[in-house]
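In what follows, every chain begins at residue 1, and chains take the letters A, B, ... in the order their sequences are listed. None of the values given here were measured: they were computed from a predicted structure.
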Amino acid sequence: MEQKYIPGDVEQKWQAFWEDTKTFRVTEDTVKQKYYLLEMFPYPSGRIHMGHVRNYSIGDVVGRFKRMRGFNVMHPMGWDAFGMPAENAAIQNRSHPAQWTYENIDYMRGQLKKLGLSYDWDRELATCNVAYYRWEQKIFLEMFRRGLAYKKTSFVNWCPRCETVLANEQVEDGGCWRCDSEVKQKELDQWFFRITDYAEELLEWTHKLPGWPERVLTMQRNWIGKSFGCEIDFARDNGSGTIKVFTTRQDTLFGATFMSLAPEHPLAMDLTTPDRQHEVSAFIESVRKTDRIKRTAEDFEKEGVFTGSYCINPVTLVQMPIYLANFVLMDYGTGAVMAVPTHDQRDFEFAARYGLPLRVVIQPEGETIEPAMMTEAYTESGVMANSGQFDGMKSDDAKEAIADYLQSKGIGTKTINFRLRDWGISRQRYWGNPIPVIYCDACGVVPVPEKDLPVELPVDVLFTGEGGSPLARLESFINVPCPVCGKPARRESDTMDTFVQSSWYFLRYCCPDSHDAPLDRSKVDYWMSVDQYIGGIEHAVLHLLYARFFTKVLRDMGYVSCDEPFTNLLTQGMVIKDGAKMSKSKGNVVDPNALIEKYGADTARLFSLFAAPPEKDLDWSDKGVEGSFRFLNRVWKLVHDRLETVRNAGPVDISSLDGEERTLRRSVHKTIRKVTEDLDERFHFNTAIAAVMELLNTLQAFDATTPQSGPIVKEALDSLILMLSPFVPHISEELWQHLGHTDRLSDAVWPEYDRNAAVDEELLIVVQVNGKLRSKITVAAETPEETIKAAALADEKVQPFLIGVQIRKVICVPGKLVNIVAG
RNA sequence: GCGAGAGUGGCGGAAUUGGCAGACGCACCAGACUUAGGAUCUGGCACCGUAAGGUAUAGGAGUUCAAGUCUCCUCUCUCGCACCA
């Protein structure tokens, strides 16, 4: 009597088994080789989506495969649980963010368990739990002590109605994404992490991470943006001080005819002459109103205003008018630029608009440019001109020479500049980790003493949606005696950016129950670094850069030994349907629950692994899902059809196999080799699955009445199930049991292939004439090259192409092809 | 603009070191079983051609006995950065 494949029953049974026996719990084991496998933890938004299914299915295959290969696999899961949506939901539902978050976590944990993922749930953590964030506060204090956390004023996007800071991506067309009010640039006192201290090391290591995709490394390098240049001092023409600029093009110094300053430049008003006051103030105000996104768009009109002051070009002694310009950024370089309109496109446009002089100082090889003929700046390298003693030099060489000259004259210094800015972590929100600092009128900024940690988020908070941080309004939280002098003081009401939590969660997984320190070094050192990290490309810069930074900081504090957190990184592609990323607004969302309900988790996993290689986008196809389901049904049916054949089968007697049996066995061992290589070295899950499908096809066609069918088919089925188990663990466990195994598949060992069995006895040799396929011949494996050549030349399909031509050469690629060159 | 990646049947995708282009799956077509099938099984399936054969990996050149794969040029698309001085 044949059983039917009912995924729901099978999956429930094995999920309960794995959970009850804690199959995937791990501890440090010095005998086995460790393997730390990690997927990016999710934000508990409510329910999982197909992107999660894909991400975690990929991870699970790797985890189960490595486990079968004998590794001590740590595979944890947790929740990136602080963040704005919880707060918004709380305002909407008049509830508490914690309630919303924990309910979501419970629901999503259930969903993940329904996917049969091999997590060690004993290591689960949620970043909103005080047991987690308290340690982050301690780390913060240590960073504060080391000067790595500091406060400074900076401009931020500010919604006056919501009374909160907005991230750049939350500003839409200059308005607040929530209430549409005009977003202002507001100067606020904010906490920062000094990531720039690590810029050099972060950059350097991008060249020492061979396990990372090149494009992620490139993005990080661009983000860090190291550039070599000079800082040059330009004296005011009235002798009252100097203005410092940064340039990478000191070779164009002789062409600098005016100067541009950022409107926010501290000297802006000082430089402004009384008659220009009105105009300049108006300009500064209008720039300040424009949001940063608009202002930095390429097609934004270059505008400026003359301050009325001048400075002196230190090499030409030409008087240069000083402008404020909207395209000069205060937070890059020194906020002041020497303008060379002939060799910089922006300066060219600016000069054209305001009628400023041009002076060509670099001529292209074999050409002469006149300012009057120029329609755009010449930005390439060339030969120096109009540049005093540097004339005739190649501009690339002049860069170094002019830098040396400036340095020797004390006018400038060679400098290295980074685009990377310090990481602003202050958020005027409730649902985050409170920054453990107290402000005292007498003592200033006072860190919360460690004995007073944690600063817990108060529970009795009202979420009215009236704007501003709920913490700032909560007197019972804000008012606190100063830890130093005991006088009344105020608590910091800002919380930390949620990227802070995700910058070290992978370390905490190593020792989730460390109760007296953020990290337990011996455990962390056993598990770190993460051997394989898997997640979306959208985190290529921010999260991955912050996590690298934190690892280095914690290393310098003595918490960990490794320099880098993630040895290998896999960035998986998006899940696409009908040509677009799945989204509610597009209406092309596939709900994992419905999918599991209808086909089971195994099918959902199988399809998301089979349809595309992991790093590419996956095109969702409902028909394709059915194909995967069909395949599992065929596997189920085949196993049951062959149960009689396989019953009581002993070991294979290799010496007495007949031809067909040997052929089947060869397919089995070749498949094992292929699947092992695809999983181990390449993460080519789609081709590995394809190979197993082929084996199924072969097995189905095999006539199971030969003398040794029992042992041979049993070996084939066992191997097939073993190979499928990382992809579709539930049905595999079940069929493994049906095949009569008393051990659990989750404890089984990955099959080894038999080299001898995988070798072909006969080889198919392709015969080409002048590179064109003309025939195929079959020869025994050990046939000497000369015999193969002779057979190829004598082949009847080849013969007609050799008539009337002279054979010049015969190329023989052993085991593959013969190419007859004739003409 | 700069940087990275990609372009292969009707579709998703294979082709690991330069060596049979299109594995595997989807869709489609035909057949079998069936009262019936949107279940299952068998076979077919790049294009042109009755065939022999020819043509095909975005387009063009090149290297090679042999190119999807290597080199150069052009086009298209995707992603990232983008007034960074």
Between [options], which one does the side chain of [X] approach most closely?
X      : options             : value
A:P613 : B:G19, B:G13, B:A15 : B:G13
A:K623 : B:C83, B:C24, B:C26 : B:C26
A:N222 : B:G13, B:G80, B:U16 : B:G80
A:S621 : B:C26, B:A85, B:A66 : B:C26
A:R419 : B:A15, B:G13, B:C81 : B:C81
A:R630 : B:C20, B:A39, B:U16 : B:A39
A:K776 : B:A23, B:A14, B:C20 : B:C20
A:D619 : B:G12, B:G54, B:A23 : B:G12
A:E677 : B:G12, B:U16, B:A85 : B:U16
A:M693 : B:G19, B:A85, B:C24 : B:C24

Please determine if a side-chain N or O atom of [X] lies less than 4.0 Å away from the OP1 or OP2 oxygen of [N].
X      : N     : value
A:K816 : B:C65 : no
A:N633 : B:U40 : no
A:R682 : B:A14 : no
A:R215 : B:U78 : no
A:R634 : B:C41 : yes
A:R346 : B:G1  : no
A:N697 : B:G25 : yes

Look at all strands and tell whether [X] reaches a base, only sugar-phosphate, or nothing, counting heavy atoms closer than 4.0 Å.
X      : value
A:V337 : base
A:E626 : nothing
A:K226 : nothing
A:I820 : nothing
A:G333 : nothing

Pairing partner (Watson-Crick or G-U wobble, both distances under 3.5 angstrom) of B:A39: none

What's the gap between [N] and [M] when it is taken at their [atom1] atoms, as a whole Å value?
N     : M     : atom1 : result
B:G10 : B:A61 : C1'   : 32 Å
B:G22 : B:U8  : C1'   : 8 Å
B:A23 : B:A30 : C1'   : 23 Å
B:U69 : B:U64 : P     : 16 Å

Side chain to side chain, A:I765 and A:K816, heavy atoms closer than 4.5 Å: no

A:E615 CD: over 12 foreign heavy atoms closer than 6.0 Å: yes

Whether over 12 other heavy atoms sit under 6.0 Å from A:K797 NZ: no

Derivation and outcome, salt bridge (charged side-chain N to carboxylate O under 4.0 Å, His left out), residues A:D617 and A:K581: CA-CA 9 Å; A:D617 285 350; A:K581 185 181 174 169; over 6 Å; no

A:E677 side, atom CD; A:H684 side, atom NE2 - distance, nearest 0.5 Å: 12.0 Å

Modelled atom types, side-chain donor and acceptor of A:R359 and A:T257, under 3.5 Å: no

Pair of N/O donor and acceptor under 3.5 Å linking B:C65 base with A:N819 side chain: yes

Between B:U16 (P) and A:L679 (CG): distance, integer Å: 17 Å

Partner of A:E349 under side-chain hydrogen bond (donor to acceptor under 3.5 Å, both in side chains), chosen from A:Q345, A:R346, A:R353: A:Q345

Assigned glycosidic conformation for B:G9 [threshold 90° from 0]: syn

